[in-house]
Participant: 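Mind looking over this structure? Questions follow.
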Amino acid sequence: MGQEESHSEEMNLVQIQDLCIIFMKECPSGALHLHEFKRIFGVPSSSEEESLYIETLFHSFDTNQDNALDFIEYVAALNLILRGNIEDRLKWSFKLYDKDGNGRLDRHEVKLIIKILHKIKFQKTNVSSMTPSQICDRIFELVDQNADGQITLSEFMEGAQKDEWLMNLLKLDVDAKGWVIQNCGKTS
């Protein structure tokens, strides 16, 4: 088992190295802007949902909020997506949902991301028979422990780890690894 884990980590390191080479090739200035980020990950301009999702990802990684990813932000993002543990990915996922940055999720914020994910993930695979509103309602039923209409980070973390349905739902955006691996290198 240890060898399998080691091999998996080596694969991840190779993938990270490949993505870093792409960064240096695409961004010799050392700054990756949103339009370059979209090009690297092959997001077509015709796909509004994928474009909005990649913009949300980009801004979640732009920790100094200068509308560009420097090499350190880029590597940190890749490390989180490709090698991060579930707690770190859930914290990152929470940050993706928390559009206003107040440390709490309201229904509008959750529904916005669920709508994007629903269009990207569910409609292509027909995985869910629930609408985005129904998914949002169920998330709040499961996670909003004090029923105040807002979800804190601790409620989010606890709820996701206690409920299998919710964890599987969140894995669709928490586990962006497959999406990154599939889409990186679609450069035109």
Side-chain angles (χ1 to χ4, degrees), residues 19 23 27 30-41 43 47-122 131-163 166-177 179-180 183:
L19 291 170
F23 179 90
C27 309
L32 178 63
H33 297 277
L34 180 59
H35 68 279
E36 296 161 327
F37 192 72
K38 286 181 178 181
R39 188 179 72 235
I40 286 174
F41 290 102
V43 175
S47 175
E48 186 179 327
E49 291 80 21
E50 286 189 24
S51 184
L52 188 53
Y53 184 65
I54 201 75
E55 287 173 27
T56 303
L57 288 175
F58 178 86
H59 292 297
S60 76
F61 297 136
D62 183 16
T63 56
N64 63 3
Q65 299 178 350
D66 65 352
N67 291 318
L69 299 183
D70 60 33
F71 187 70
I72 299 299
E73 289 170 322
Y74 181 77
V75 170
L78 292 179
N79 188 54
L80 173 68
I81 289 173
L82 296 173
R83 301 181 72 198
N85 64 39
I86 193 66
E87 289 82 17
D88 290 338
R89 289 194 233 171
L90 283 170
K91 288 176 186 174
W92 169 69
S93 183
F94 183 87
K95 182 179 174 183
L96 278 179
Y97 285 81
D98 188 15
K99 289 297 224 184
D100 62 10
N102 69 355
R104 294 178 303 279
L105 305 178
D106 60 35
R107 286 183 180 275
H108 176 75
E109 290 169 321
V110 172
K111 197 179 292 185
L112 178 66
I113 291 291
I114 294 298
K115 281 182 181 178
I116 294 168
L117 290 173
H118 194 267
K119 288 184 178 181
I120 292 173
K121 306 284 184 185
F122 295 135
T131 67
S133 291
Q134 291 169 325
I135 293 169
C136 182
D137 290 344
R138 179 141 184 223
I139 289 171
F140 271 83
E141 285 173 25
L142 294 170
V143 177
D144 186 13
Q145 295 170 354
N146 61 2
D148 66 352
Q150 297 188 336
I151 299 171
T152 64
L153 176 60
S154 63
E155 287 174 325
F156 185 81
M157 300 279 293
E158 287 174 33
Q161 293 181 28
K162 284 182 184 174
D163 188 89
L166 185 56
M167 182 58 86
N168 288 334
L169 173 72
L170 293 175
K171 281 182 183 175
L172 291 172
D173 69 308
V174 169
D175 188 13
K177 176 180 176 177
W179 189 87
V180 169
N183 289 288

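Start at 1 with the first residue, then count along the sequence.
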Participant: Given side-chain contact (heavy atoms from CB on, under 4.5 Å), test Asp62 with Glu73 step by step and report yes or no.
Facilitator: CA-CA 7 Å; Asp62 183 16; Glu73 289 170 322; 3.5 Å; yes
Participant: Which heavy atom of Phe140 sits nearest a heavy atom of Asp106, and at what distance?
Facilitator: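 Closest heavy-atom pair between Phe140 and Asp106: CZ-C, 3.5 Å.
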Participant: Going through the checks in order, is the salt bridge (charged side-chain N to carboxylate O under 4.0 Å, His left out) test met by Arg104 and Glu109?
Facilitator: CA-CA 9 Å; Arg104 294 178 303 279; Glu109 290 169 321; over 6 Å; no
Participant: Would you say the ring centroid of Tyr74 lies under 6.0 angstrom from that of Phe61?
Facilitator: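 No.
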Participant: Can you check side-chain contact (heavy atoms from CB on, under 4.5 Å) on Ile151 and Ile139, steps first, answer last?
Facilitator: CA-CA 9 Å; Ile151 299 171; Ile139 289 171; 4.0 Å; yes
Participant: Please name the pair of heavy atoms, one in Gly103 and one in Phe94, separated by the smallest distance, quoted to 0.1 Å.
Facilitator: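 Between these two residues, the closest heavy atoms are O-CZ, 3.4 Å.
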Participant: Quick one: pull up SG in Cys27 and CG in Asp70 and give me the separation to the nearest 0.5 Å.
Facilitator: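 Going from SG on Cys27 over to CG on Asp70, the span is 11.0 Å.
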Participant: Measuring from Asp137:CG to Asp144:CG, what's the distance to the nearest 0.5 Å?
Facilitator: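 Answer for the CG-CG pair, Asp137 versus Asp144, is 11.5 Å.
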Participant: For Val110 and Cys136, work out which heavy atoms get closest and say how close.
Facilitator: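 Reported closest heavy-atom pair: CG1-SG, 3.9 Å.
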Participant: Measuring only between side-chain heavy atoms, which start at C-beta, is His33 closer than 4.5 Å to Asn67?
Facilitator: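 In short, these two side chains do not touch, never coming nearer than 4.5 Å.
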Participant: Look up atom NE2 in His35 and atom NZ in Lys38, then write down how far apart they are to the nearest 0.5 Å.
Facilitator: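 Going from the NE2 atom of His35 to the NZ atom of Lys38 covers 10.5 Å.
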Participant: Just do the side chain to side chain donor-acceptor pair (under 3.5 Å) check on Glu155 and Gln150 with the steps written out, would you?
Facilitator: CA-CA 9 Å; Glu155 287 174 325; Gln150 297 188 336; over 6 Å; no
Participant: Enter the distance from Leu96:CG to His59:NE2 here, rounded to the nearest 0.5 Å.
Facilitator: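 NE2 of His59 is found 11.5 Å from CG of Leu96.
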Participant: Hey, mind stepping through Thr131 and Ser133 against side chain to side chain donor-acceptor pair (under 3.5 Å) and telling me if it holds?
Facilitator: CA-CA 5 Å; Thr131 67; Ser133 291; 4.8 Å; no
Participant: Which atom names give the shortest non-hydrogen contact between Tyr97 and Ile114, and what distance separates them?
Facilitator: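 Looking at all heavy atoms of both residues, the shortest contact is OH-CD1, 4.0 Å.
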Participant: Rounded to the nearest 0.5 Å, what's the gap from CZ on Phe37 to CG on Leu57? Could you check?
Facilitator: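 The distance works out to 6.0 Å.
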Participant: How close do Ser93 and Phe156 get, counting heavy atoms only, and between which atoms?
Facilitator: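 For Ser93 and Phe156, the tightest heavy-atom pair comes out as OG-CZ, 3.9 Å.
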Participant: Work out which heavy atom in Asn64 is nearest to a heavy atom in Asp66; give both atom names and the distance.
Facilitator: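 So the two residues come closest at OD1-OD1, 2.8 Å.
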Participant: Mind checking whether Lys99 and Leu105 have side chains closer than 4.5 Å, heavy atoms only?
Facilitator: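 No, side chains not in contact.
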Participant: Within this structure, what is the CZ-CG distance for the pair Phe71 and Leu32, rounded to the nearest 0.5 Å?
Facilitator: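 Here the rounded value is 11.5 Å.
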